[in-house]
Each structure stands twice: as structure tokens, then as C-alpha cells.
Amino acid sequence: MVRPLSEALALPIEWARPSDDLWVATQVDTDRTWFLGFVELVNGEHLAVDGYGDLVGRFSSLEVAQRAFADAAATAEAEPEVALEAA
């Protein structure tokens, strides 16, 4: 499941590295793992992308790109609730 960055301050961000140029951000709470997004190395830049596919930013170093997730979480607004209608 995707966790909005606005809810991401309560738990530490964990980073997995499934390949040489990809780092995946998650958080684990008592009953699930939340997907926050990823950082991908592309043409010498670290692209940070949130769990919804929106670009957080382009950074020269991995450390700065990863820190951008915590910075974005600190300033993110809560995601609006969407009412779904039966089809």
C-alpha cells in the first residue's frame, strides 16, 4: 500500500536496494509495510519519486535524495479522502 508522505513522520523510513541504481522507501508498522516511493539513478542524477509517481526532485547525491523524502513528509498536506460510488 502507498502511504502519503503527510503520514510518514511517525515511523523511520527504511531503504531497500533491489538493484544497483534503485532504492525503495518503505515504512513498517505493526500490521503492514507502506510504500513511500523510490530513488533511481538516471544519467548521473538521483530522481526521487513518491508513491504516487510524482517527482519529489532531482539530486546530485543519494543522501540528499533520500533526505528529500523526510523533508517532503514534514511539509506535505494530508491527502483528501475520496468517496467512491458503486458502479
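Numbering starts at 1 and runs along the sequence shown.
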Task: Side-chain heavy atoms of W15 within contact of V39, under 4.5 Å - done: yes
- [ ] Count the heavy atoms belonging to other residues, nucleotides or ligands that lie under 6.0 Å from CG of D31, then report whether that count exceeds 12.
- [x] yes
TODO: Taking the side chain as every heavy atom from C-beta outward, state whether W23 and L41 have any atom pair closer than 4.5 Å.
DONE: yes
Open item on the list: Once rounded to the nearest 0.5 Å, what's the spacing between atom CH2 of W34 and atom CD1 of I13?
Closed with: 14.5 Å
Task: Min side-chain heavy-atom separation V24-F35 under 4.5 Å - done: yes
Task: L47 side, atom CG; F38 side, atom CZ - distance, nearest 0.5 Å - done: 8.0 Å
TODO: Supply the atom-to-atom distance Q27 CD to T33 OG1, rounded to the nearest 0.5 angstrom.
DONE: 10.0 Å
N/O donor-acceptor pairs under 3.5 Å from side chains in residues 56-66, not counting sequence neighbours:
from : atom 1 : to  : atom 2 : distance (Å)
R58  : NH1    : E45 : OE1    : 3.2
S61  : OG     : V64 : N      : 3.2

